[in-house]
Amino acid sequence: MSDFLKTLTRKNSLRKQCAELSVAEVEKVLADLTEIVEDKRAEEEAKAAAEQAKFEKINAIRQTMQDAGIDIDDLMGSVDVAPKKKVQPKYRIVDADGETHEWSGRGRTPVAFQQYFEGGKTKEDCLIKD
């Protein structure tokens, strides 16, 4: 909690800070705080109204779906979901066992490639040239 917030939320601390202010200055601070409170309330009411409207729309859609005999699973089955784009391998090596390893160059270096690089080879040596 910041010192400013501690002062505002504790009556005695606030009184101490306002001791040097005139009545007019305290009234000005009070008016400003009152305006801030009204603005906050209006924001919260607008947010609550938007949430309520969204909730009502969702319920209307659910009711329409129920009336039509449509289940959410029916909808999800008909939606085309784009598959994740597979990143093409950029590097290829064949290990001592004759097994081929491919790597896109993204993420952690695979163990086979790490051993290959520790043997004095470079990424350019295993670059796939198409």
Side-chain angles (χ1 to χ4, degrees):
M1 185 181 284
S2 70
D3 291 336
F4 178 70
L5 188 56
K6 287 178 185 177
T7 300
L8 280 177
T9 57
R10 295 186 176 135
K11 188 176 183 180
N12 287 335
S13 297
L14 189 57
R15 181 176 283 135
K16 186 176 180 181
Q17 293 295 319
C18 292
E20 297 177 9
L21 299 177
S22 68
V23 172
E25 290 171 326
V26 172
E27 287 175 345
K28 169 72 170 112
V29 170
L30 182 60
D32 290 345
L33 286 173
T34 303
E35 185 178 325
I36 291 170
V37 167
E38 290 170 0
D39 291 345
K40 287 258 185 210
R41 279 193 184 128
E43 286 175 13
E44 288 177 3
E45 288 172 3
K47 185 176 179 182
E51 285 294 319
Q52 182 63 29
K54 182 178 178 180
F55 180 73
E56 290 172 1
K57 288 177 185 177
I58 290 171
N59 282 337
I61 292 170
R62 280 188 183 140
Q63 187 61 47
T64 303
M65 287 175 57
Q66 189 176 13
D67 293 344
I70 299 172
D71 189 37
I72 190 72
D73 294 329
D74 297 333
L75 275 181
M76 295 307 291
S78 66
V79 174
D80 291 332
V81 178
K84 284 190 171 183
K85 182 180 176 186
K86 186 174 190 282
V87 178
Q88 295 299 317
K90 187 173 178 182
Y91 305 102
R92 182 180 299 135
I93 59 170
V94 178
D95 63 13
D97 299 331
E99 189 175 343
T100 301
H101 299 275
E102 295 183 336
W103 177 43
S104 67
R106 295 183 179 179
R108 292 184 63 176
T109 306
V111 174
F113 281 90
Q114 189 62 41
Q115 292 170 350
Y116 181 80
F117 298 145
E118 288 171 358
K121 305 283 184 162
T122 65
K123 285 184 179 181
E124 288 74 27
D125 296 332
C126 60
L127 191 63
I128 297 175
K129 298 174 178 107
D130 287 337

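Values in this document were obtained by computation on a predicted structure and should not be read as measured data. Residue numbers run from 1 in the order of the sequence given.
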Problem - Closest contact, heavy atoms only, S104 versus K90 - result: O-CB, 3.6 Å
Practice task
State, yes or no, whether a side-chain contact exists between D74 and D71 at a heavy-atom distance under 4.5 Å.
Solution key: yes
Exercise for the section: Walk me through it: do W103 and K123 pass the test side chain to side chain contact (heavy atoms under 4.5 Å, CB included)? Expected result: CA-CA 11 Å; W103 177 43; K123 285 184 179 181; 4.0 Å; yes
Exercise for the section: Grab the two heavy atoms, one from I93 and one from A112, that are nearest each other, plus how far apart they are. Expected result: CD1-O, 3.6 Å
Practice task
Please report the shortest heavy-atom distance between E124 and K129, naming the atom on each side.
Solution key: O-NZ, 4.0 Å
Handout entry: Gap between atom OG1 of T7 and atom CG of N12 - 0.5 Å precision
Key = 11.5 Å
Practice task
Looking only at non-hydrogen atoms, find the nearest pair between H101 and F113 and report the distance.
Solution key: O-CZ, 3.5 Å
Exercise for the section: Indicate whether any N or O donor in one side chain lies under 3.5 Å from an N or O acceptor in the other, for D67 and Q63. Expected result: yes
Practice task
Group every Ile, Leu, Val, Met, Phe, Trp and Tyr by side-chain heavy-atom contacts under 4.5 Å, then state whether I72 and I70 land in the same group.
Solution key: yes
Practice task
Determine whether more than 12 heavy atoms belonging to other residues, nucleotides or ligands lie under 6.0 Å from atom CD of E118.
Solution key: yes
Handout entry: Atom pair OG1 (T64) and CD (Q66), whose distance is rounded to the nearest 0.5 Å
Key = 10.0 Å
Exercise for the section: Look up atom OG1 in T34 and atom CG in L30, then write down how far apart they are to the nearest 0.5 Å. Expected result: 4.5 Å
Handout entry: Summary of salt bridge (charged side-chain N to carboxylate O under 4.0 Å, His left out) pairs that have at least one residue in residues 44-66, sequence neighbours excluded
Key = none
Handout entry: Least distance between heavy atoms, Y91 atom then G105 atom
Key = CE1-CA, 3.8 Å
Problem - Spacing of CG belonging to L21 relative to CD belonging to E27, to within rounding of 0.5 Å - result: 11.5 Å
Practice task
Tell me whether Y116 is reachable from L127 by hopping between hydrophobic residues (I, L, V, M, F, W, Y) whose side-chain heavy atoms are closer than 4.5 Å.
Solution key: yes
Completion exercise
Minimal heavy-atom distance between E25 and E20, with the atoms involved, is OE1-O, 4.5 Å
Practice task
Ignoring hydrogens and angles, tell me if any N or O in the side chain of D95 forms a donor-acceptor pair with the backbone of D97 under 3.5 Å.
Solution key: yes
